[in-house]
Amino acid sequence: MPTSTCENVVDDIEDLVGSFDLRPSQRHVTKKLILPKNKRKSNDEEIENTHIESIIPGMQSIYLKTWGCSHNNSDSEYMAGQLAAFGYNITDKKEEADLWILNSCTVKNPAEDHFRNEIKKARDLQKHLVVAGCVPQGQPRADYLQGLSVIGVQQIDRVVEVVEETIKGHSVRLFGQKKQEGKKTGGADLSLPKIRKNPLIEIIAINTGCLNACTYCKTKHARGELGSYSIEDIVARAKQSFEEGVVEIWLTSEDLGAYGIDIGVTLPELLWRLVDTIPEGARMRLGMTNPPYILQHLEEMAKILNHPRVYSFLHVPVQSASDSVLMDMRREYCVDDFKHVVNFLKERVPRVTIATDLICGFPTETEQDFEETMKLVEEFKFPSLFINQFFPRPGTPAARMPRIHPQEVKKRTKRVSELFQSYRPYDHKLGEIQTVLVTEVSHDKQYYVGHNKCYDQVLVPKEEHLLGKLVEVKIKETGKHYLIGELLKTQAVRPEGVPPPLRQGAVSGLQEEKVSSSGHWTSKWSTAAVVILVCAILIRLAMKLMPTMR
């Protein structure tokens with residue numbers, strides 16, 4: 001072998017001990033100086049004398065409050081369904097709930113004020129709290145939201161995770177957009193479990209966001225650009241709903257007319273597919289559409305609104321009858337466009353109901369502009385008119401404009417409200433015989449509420465067998481906002497092929513729980529539901545046993 005070039009070669013491990021190192025005998029002697037340490041009590045002994053509080057997800061009660069549009073209500077139904085499917089108890093008793101979910105609306109100042117007050121109340125009661133909806137999504141840095149758990153409008157499919165962490169004492173802020181192949185989608189999956197507020201009505205959000213950039217609107221900050229669900233997903237949700245006893249579906253979004261522009265389909269294409277899905281006797285109600293995107297579809301829309309399974313009803317906001325104000329609002333249409341939509345549909349859809357919205361006191365609205373709006377209301381005498389004062393929403397261009405004096409805004413709001421109250425849109429229907437679909441309970445709890453073909457509100461006797469069924473009535477009384485019907489036949493007819501609905505509070509998509517012919521509740525759990533339930537029970541048992549196993 002070649003000789004190493006290293007000068008200091010170590011031939012043996014003992015050569016590592018130098019002449020100044022301690023010898024073995026000296027190292028043994030130093031052990032006498034080591035003092036023994038007292039042995040600690042065993043961990044098991046300490047655990048026996050210590051109270052350990054374990055938090056098991058899914059054991060708590062949750063209170064959920066919602067403000068705003070039907071899109072928000074649909075989001076809340078999905079959040080409730082997922083939480084209930086996991087095991088949480090959804091309750092209306094807010095004082096007894098362990099955690100509150102507050103789903104907010106950012107359209108008007110009063111809605112946000114109520115939301116803020118409810119947050120304060122929850123904090124005073126020392127409740128765990130999760131905030132959702134358009135307010136935290138649109139202004140996440142608001143002072144009164146700091147330290148709270150937040151769930152974004154497109155993240156509602158992760159509500160269980162947010163609730164779990166919040167109950168543990170953590171603060172979670174979960175935002176983000178759902179995308180597919182780089183494009184924004186409508187949001188959380190439509191097939192998620194939900195608890196319908198009304199088991200007879202399914203609210204389906206067909207898209208989120210919009211294409212407009214109105215100067216007064218805060219909702220765009222929250223919901224963002226247009227994102228549409230596929231026709232297949234929407235149709236599948238509608239089919240499932242009817243299989244679960246729903247008799248009426250509502251289509252909702254920030255702008256129904258813009259549906260599909262982002263994915264290469266049109267609103268009429270979707271509506272015709274849904275019409276084929278609706279059982280005979282059931283109904284579909286269309287939501288809000290702005291004029292620009294409905295103009296090119298008027299012929300098809302008239303045919304759809306004439307269909308017997310579709311309510312002859314459309315919500316088309318005008319906001320102002322002044323072209324200059326509409327331009328300042330960036331509404332992307334003129335008053336003649338709006339009039340064309342209304343007149344076209346009135347000519348081709350007998351007795352169609354057109355609902356609209358007004359904003360009084362927009363910063364650039366003059367007295368003459370307001371008079372034009374008054375003339376529009378006088379001309380069309382809208383049976384349903386939503387009158388709003390202008391509210392400067394933070395972060396919007398209109399909020400930076402010089403405001404009209406609040407007293408003048410109130411004066412204009414009062415004038416148009418008085419005009420609206422001066423006419424009675426239903427008096428000519430007195431004595432008519434109508435078929436109505438009964439789906440709701442009146443606000444005063446004295447009647448059931450049904451709707452005729454043009455979606456008028458018809459009050460009928462509160463007889464339980466009428467719910468979810470078609471009845472024939474004679475209009476015996478009319479009011480400003482309703483008709484009262486006298487039953488002509490005691491027998492009510494359920495829409496063809498539609499089974500009894502799920503019970504109130506039952507989870508859609510998780511189980512089949514319906515009313516038998518005898519009127520008693522029956523429950524048939526699916527295999528998937530049983531597996532989920534068993535897994536949840538085993539997880540909870542394991543978590544309970546973990547402290548003692550240690």
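Every value quoted in this text rests on a predicted model; they were computed, and no experiment measured them. Note that these values count all heavy atoms, side chains included, but never hydrogens, waters or copies made by symmetry.
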**Student:** Does T289 use its side chain to pair, donor to acceptor, with the backbone of G257 at less than 3.5 Å?
**Tutor:** yes
**Student:** Which value, rounded to the nearest 0.5 Å, describes the distance between M284 atom CE and H307 atom NE2?
**Tutor:** 8.5 Å
**Student:** Using the rule given for side-chain contact (heavy atoms from CB on, under 4.5 Å), can you reason through E248 versus L200, listing the C-alpha separation, both sets of side-chain angles and the distance that settles it, and then say yes or no?
**Tutor:** CA-CA 6 Å; E248 188 171 292; L200 296 168; over 6 Å; no
**Student:** Under 3.5 Å, is there a donor on one side chain and an acceptor on the other for S442 and D444?
**Tutor:** yes
**Student:** Considering residues at least two apart in sequence or located in another chain, which fulfil the ring-ring contact (aromatic ring centres under 6.0 Å, His included) criterion with Y482?
**Tutor:** none
**Student:** Going from CG on L466 to OH on Y448, what distance comes out if it is rounded to the nearest 0.5 angstrom?
**Tutor:** 7.5 Å
**Student:** Would you say the side-chain atoms of D262 and S228 include a donor-acceptor pair closer than 3.5 Å?
**Tutor:** yes
**Student:** Give a yes or no on whether a salt bridge exists between D75 and R223, defined as a side-chain N under 4.0 angstrom from a carboxylate O.
**Tutor:** yes
**Student:** Can you confirm whether the side chains of T266 and E269 place a donor and an acceptor under 3.5 Å from each other?
**Tutor:** yes
**Student:** Step by step, work out the side-chain contact (heavy atoms from CB on, under 4.5 Å) result for L83 and V160.
**Tutor:** CA-CA 6 Å; L83 291 164; V160 172; 4.0 Å; yes
**Student:** Can you name the one residue among L267, L271, T252 that meets side chain to side chain contact (heavy atoms under 4.5 Å, CB included) with I206?
**Tutor:** L267
**Student:** Centre-to-centre under 6.0 Å for H481 and Y426, is that the case here?
**Tutor:** no
**Student:** Can you classify the ring geometry of F313 versus Y455 as parallel (below 30°), tilted (30 to 60°) or perpendicular (above 60°)?
**Tutor:** tilted
**Student:** Does a side chain donor of either S508 or R237 reach within less than 3.5 Å of an acceptor in the other side chain?
**Tutor:** yes
**Student:** Please identify each residue that fulfils ring-ring contact (aromatic ring centres under 6.0 Å, His included) with F382, with sequence neighbours left out.
**Tutor:** F380
**Student:** When rounded to the nearest 0.5 angstrom, what is the spacing between OG1 in T106 and NZ in K220?
**Tutor:** 14.5 Å
**Student:** Among residues at least two apart in sequence or on other chains, which ones pass side-chain hydrogen bond (donor to acceptor under 3.5 Å, both in side chains) with N73?
**Tutor:** none
**Student:** For the residue pair W67 and F115, categorise the inter-ring angle as parallel (less than 30°), tilted (30 to 60°) or perpendicular (more than 60°).
**Tutor:** perpendicular
**Student:** Does the side chain of N103 pick up a donor-acceptor pair with the side chain of T66 at under 3.5 Å?
**Tutor:** no
**Student:** Check step by step if side-chain contact (heavy atoms from CB on, under 4.5 Å) holds for L305 and L286.
**Tutor:** CA-CA 9 Å; L305 292 174; L286 306 188; 3.9 Å; yes
**Student:** Please enumerate all residues that pass salt bridge (Lys or Arg N to Asp or Glu O under 4.0 Å) together with E112, with sequence neighbours excluded.
**Tutor:** R116, R393
**Student:** Mind checking the OG1-CD1 spacing from T185 to I263? Nearest 0.5 Å is all I need.
**Tutor:** 10.0 Å
**Student:** For A282, enumerate each residue passing the side chain to side chain contact (heavy atoms under 4.5 Å, CB included) test, keeping only those at least two apart in sequence or located in another chain.
**Tutor:** F242, I278, P279, P495
**Student:** Classify the ring geometry between Y423 and F420 as parallel (under 30°), tilted (30 to 60°) or perpendicular (over 60°).
**Tutor:** perpendicular
**Student:** Can you list the steps and then say if E300 with W272 is a side-chain hydrogen bond (donor to acceptor under 3.5 Å, both in side chains)?
**Tutor:** CA-CA 9 Å; E300 287 299 296; W272 284 122; 2.8 Å; yes
**Student:** Once rounded to the nearest 0.5 Å, what's the spacing between atom NE2 of H114 and atom OG of S104?
**Tutor:** 13.5 Å
**Student:** Check residues 456-463 and write down every donor-acceptor pair under 3.5 Å in which the side-chain atom is one partner and the other belongs to a residue at least two apart or another chain.
**Tutor:**
from: D456; atom 1: OD2; to: K429; atom 2: NZ; distance (Å): 2.4
from: D456; atom 1: OD2; to: N452; atom 2: ND2; distance (Å): 3.1
from: K462; atom 1: NZ; to: K445; atom 2: O; distance (Å): 2.9

**Student:** Test side-chain contact (heavy atoms from CB on, under 4.5 Å) on Y293 and I261; report intermediate values, then the result.
**Tutor:** CA-CA 9 Å; Y293 307 110; I261 292 175; 3.9 Å; yes
**Student:** So, R348 and N306: side-chain donor and acceptor under 3.5 Å apart, yes or no?
**Tutor:** no
**Student:** So how far is it from L129 CG to I101 CD1, rounded to the nearest 0.5 Å?
**Tutor:** 9.5 Å
